[in-house]
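Okay, so here's the structure we're looking at.
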Protein chains: 2
Amino acid sequence: MPDNERMTAAHISSPADHPQPGLRERKKIKTREAIRTATYALVEEQGYDATTIDQIAERAEVSPSTVFRYFPTKEDIILTDEQDPILLAELRSRPADEPLRDTMRYVMREGARRGFDEDPEVARLRTHLMVQVPAVRSRMMESMSVIGRTLCVAIGERVGRDPDSLEVRVYTMSLLGGLMETALYWGEHDHEDDFAALLDRTLEVLEHGLSKENR
Amino acid sequence: MPDNERMTAAHISSPADHPQPGLRERKKIKTREAIRTATYALVEEQGYDATTIDQIAERAEVSPSTVFRYFPTKEDIILTDEQDPILLAELRSRPADEPLRDTMRYVMREGARRGFDEDPEVARLRTHLMVQVPAVRSRMMESMSVIGRTLCVAIGERVGRDPDSLEVRVYTMSLLGGLMETALYWGEHDHEDDFAALLDRTLEVLEHGLSKENR
DNA sequence: CATGAAATGAGAGTAACTCTCAAAAGATGG
DNA sequence: CCATCTTTTGAGAGTTACTCTCATTTCATG
């Protein structure tokens, strides 16, 4: 089961995305969406573990095979998102002389804002699943380490170092570790806090460490 | 499948560990060891994915049911270790006024040294699996986040802060993220580097960030 | 409309886990 | 040493995520 490549063909959209790319493409998008909404609905009704692929397929009105053609694992139905590549592109397009912290702050904020504006219900459910279902959390961490690779390159460029050097990799993963924990914290506390504020506190800690008995 | 509790009963050894705790206990330890060595041997021969639980059971001369009684998942056979609780205890026993970085440096070094001294072959195989097999890496990350919970308490105590505060959690997870990446780096490079030296570089980065075009 | 390509569905197969229940093996008191 | 109680084990059936293959359908194109 050598599945280093998690990305399905369906994930990679060609750079030029025409508004009307033919019936076939439109149908694929619709199927994808149907599977996702079916999953979210079922999970909300019965919970994650109780929801089987067959049920998802039935409600989405596709065959189980098709579900797997669109998403490599059950967790990916929940975690995958069209926005990730957008965010990565955005990260790359930031001015090269901008301090890394500012870049990350911006990108993270943007990601949270979009995800939440688009559909608050889904965002809520999703983060709850990240917190509660081990398999989902685990999958998220894995995708984090994939993103880490890309981030290393971006960060390596900026700093003028080998992206594969220990230093760059450690820096990147520690940053990501902190950011992910922030997201989990946010989800655990039912999104009561302002995410931007949490992010600021996080970046403060990452930059200056833990001061004793402050706050 | 609500499996928040990953620890099997077999993992929790009573505080008073007698040297001869009766035949029953001794047999359990032997069975556990048999399953582990069978697994390592088979994985070395045929690779991780190609090795099934049935094969493991057969070579260890137990039933498949028994394998699952001892280890909740296949990945745990490889990752679980009697040393982890020892290391955690050691961490707790460090002087309270020792700087955190020094503590972590010490504990990590100690862990790597022991694991490697004990059985270099197994240690090598294990880290390679962490690097190469997604499921194993993923499971390791999960256990990292469990360790993180414990670490938060320890760190919270030292710093005099709420262990559940965002600050402590972010600090802890970013630390762990960096440390794990160091371990992965070490494994990826076939343990050519001196782990202690890598650790020092890691802690330097975590403390002072990435300086531009140094080295 | 005909031909080629891509997407789908159906179905069989694998393997990791779970659960249940009866048999076996160690512990314990007499 | 034996009888009983408890723990561990094995056997087997069941579930489910995921894989692979092949025939059929559906869209694209000239």
Side-chain angles (χ1 to χ4, degrees), chain A residues 1-6 8-14 18 20-35 39 42-43 46-58 60-79 133-136 138-139, chain B residues 1-3 5-6 8-10 12 14 18 20-32 34-35 39 42-43 46-58 60-79 133-136 138-139:
Chain A
M1 207 189 292
D3 55 349
N4 291 332
E5 316 276 340
R6 278 296 193 173
T8 308
H11 290 171
I12 304 158
S13 53
S14 57
H18 300 291
Q20 283 289 88
L23 179 54
R24 210 166 246 173
E25 290 301 313
R26 270 175 288 154
K27 265 206 164 173
K28 280 212 301 199
I29 293 173
K30 263 171 74 176
T31 305
R32 203 175 176 70
E33 212 46 55
I35 295 173
T39 306
L42 283 167
V43 166
Q46 348 168 325
Y48 179 83
D49 290 320
T51 301
T52 72
I53 297 286
D54 285 16
Q55 292 173 340
I56 293 172
E58 194 183 342
E61 298 187 288
V62 294
S63 77
S65 326
T66 300
V67 175
F68 285 113
R69 254 192 282 269
Y70 278 80
F71 299 94
T73 73
K74 196 174 147 191
E75 296 90 54
D76 281 272
I77 307 180
I78 284 166
L79 290 176
V133 180
V136 174
S138 169
R139 180 72 191 85
Chain B
M1 207 188 295
D3 55 347
E5 318 273 340
R6 279 294 192 171
T8 308
I12 304 158
S14 59
H18 301 291
Q20 284 288 89
L23 180 56
R24 215 167 239 171
E25 290 300 315
R26 271 176 285 154
K27 265 206 164 175
K28 282 214 295 201
I29 293 173
K30 263 170 70 177
T31 305
R32 205 176 173 70
I35 295 173
T39 306
L42 283 167
V43 167
Q46 349 167 329
Y48 180 82
D49 290 319
T51 302
T52 72
I53 297 285
D54 285 16
Q55 292 174 340
I56 293 172
E58 195 183 343
E61 298 186 288
V62 294
S63 78
S65 328
T66 301
V67 175
F68 284 114
R69 254 191 284 267
Y70 278 77
F71 300 94
T73 73
K74 194 173 148 193
E75 296 88 56
D76 281 271
I77 308 180
I78 283 166
L79 289 177
V133 181
V136 174
S138 170
R139 180 73 191 85

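Per chain, numbering begins at 1; letters A, B, ... match sequence-line order.
One interatomic measurement links the two molecules: CD1 of A:Ile35 to P of C:dA7, which rounds to 13 Å at whole-angstrom precision. Following rounding to the nearest Å, A:Phe68 (CZ) and C:dT8 (C1') show an atom-to-atom distance of 15 Å. Atom CZ of A:Arg139 is separated from atom C1' of D:dC18 by 14 Å (rounded to the nearest Å). One interatomic measurement links the two molecules: CG of B:Leu42 to P of C:dA15, which rounds to 14 Å at whole-angstrom precision. When the P atom of D:dT7 is taken as reference, atom OH of B:Tyr70 falls 14 Å away, rounded to whole Å. If you take CZ of A:Phe71 and C1' of D:dC18, they are 15 Å apart, rounded to a whole angstrom. One atom, CD1 of B:Ile29, and another, P of D:dT8, lie 13 Å apart when rounded to the nearest Å. A straight line from CG of A:Asp54 to P of D:dC18 spans 12 Å, rounded to a whole angstrom.
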**Study point:** Reading 5' to 3' through nucleotides 10-16 of chain D, protein heavy-atom contacts under 4.0 Å coded B for base, S for sugar-phosphate only, - for none
**Key:** BBB----
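A:Lys30 NZ to A:Lys27 NZ: the interatomic distance, rounded to the nearest 0.5 Å, is 7.5 Å. Taken from OG in B:Ser65 to OH in B:Tyr70, the straight-line distance is 12.5 Å, to the nearest 0.5 Å. In this structure, CZ in A:Arg26 is found 5.0 Å from CG in A:Leu23, a value given to the nearest 0.5 Å. Here A:Ile53 contributes atom CD1 and A:Phe68 contributes atom CZ; the two are 4.0 Å apart, rounded to the nearest 0.5 Å. Interatomic distance, A:Ile56 CD1 to A:Glu61 CD, rounded to the nearest 0.5 Å: 14.5 Å.
Shortest non-hydrogen contact noted between B:Pro64 and B:Ala57 is N-CB, 3.6 Å. When all heavy atoms of A:Tyr48 and A:Lys74 are compared, the closest pair comes out as O-NZ, 3.2 Å. What you find for B:Ile77 and B:Val67 is that their closest heavy atoms are CD1-CG1, 4.1 Å.
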Between the protein and nucleotides 23-29 of chain C, list every N/O to N/O distance that falls short of 3.5 Å.
unit_1: C:dG26; atom_1: OP1; unit_2: B:Lys27; atom_2: NZ; d: 3.2
unit_1: C:dG26; atom_1: O3'; unit_2: B:Arg24; atom_2: N; d: 3.4
unit_1: C:dG26; atom_1: N3; unit_2: B:Arg24; atom_2: NH2; d: 2.9
unit_1: C:dA27; atom_1: OP1; unit_2: B:Leu23; atom_2: N; d: 3.0
unit_1: C:dA27; atom_1: OP1; unit_2: B:Arg24; atom_2: N; d: 3.1

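Looking at residues two or more places apart in sequence or on another chain, you find a side chain to side chain contact (heavy atoms under 4.5 Å, CB included) between B:Gln55 and B:Leu42, B:Gln46, B:Thr51, B:Thr52.
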